[in-house]
Amino acid sequence: MKTGLIAMGVGAGVLAIVGVVLILLPASSASFGWFAYQPGRDFGFVGGLSPVPPARIWGIALLVVAVGLGAFAAGWALGSARTRRLERSGRA
């Protein structure tokens with residue numbers, strides 16, 4: 001049981017580190033040109049480029065998963081410690 005807690009803590013730490021690295025990576029530059037003229041009136045904007053790079057989105061997602069996993073491991077550890085303490089005192 002203690003090995004599982006350690007594994008979850010290490011896993012949460014690794015996910016958090018990878019998430020922070022992905023967030024801090026510099027964004028890639030645009031691979032297309034910008035034009036200095038106004039398009040025609042009937043031109044509609046067609047999206048396709050997110051203002052947030054995909055690596056940053058993945059980094060944030062990994063951080064969210066790491067925080068959730070770390071919170072679960074901490075709650076499990078605190079709950080099992082409380083149960084052991086209550087069992088020793090004879091109240092459980």
Nearest 0.5 Å, what's the [atom1]-[atom2] distance between [X] and [Y]?
X     : Y     : atom1 : atom2 : answer
Arg85 : Arg82 : CZ    : CZ    : 7.0 Å
Lys2  : Ser80 : NZ    : OG    : 9.0 Å
Ile23 : Leu63 : CD1   : CG    : 4.5 Å
Leu62 : Leu69 : CG    : CG    : 11.5 Å

Of all heavy-atom pairs between Ala16 and Ala66, which one has the smallest distance, and what is that distance?
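So the minimum-distance heavy-atom pair works out to N-CB, 3.6 Å.
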
List the atom of Leu5, the atom of Ala73, and the distance in Å for their closest heavy-atom pair.
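Answer, listing the atom of Leu5 first, then Ala73: CD2-O, 3.5 Å.
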
Please tell me whether [X] and [Y] are part of a single hydrophobic cluster in this structure, the criterion being side-chain heavy atoms less than 4.5 Å apart.
X     : Y     : result
Trp58 : Val18 : yes
Leu25 : Leu15 : yes
Val21 : Ile60 : no

Taking Arg56 for its side chain and Leu24 for its backbone only, find out whether a donor-acceptor pair lies under 3.5 Å.
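Answer holds: no.
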
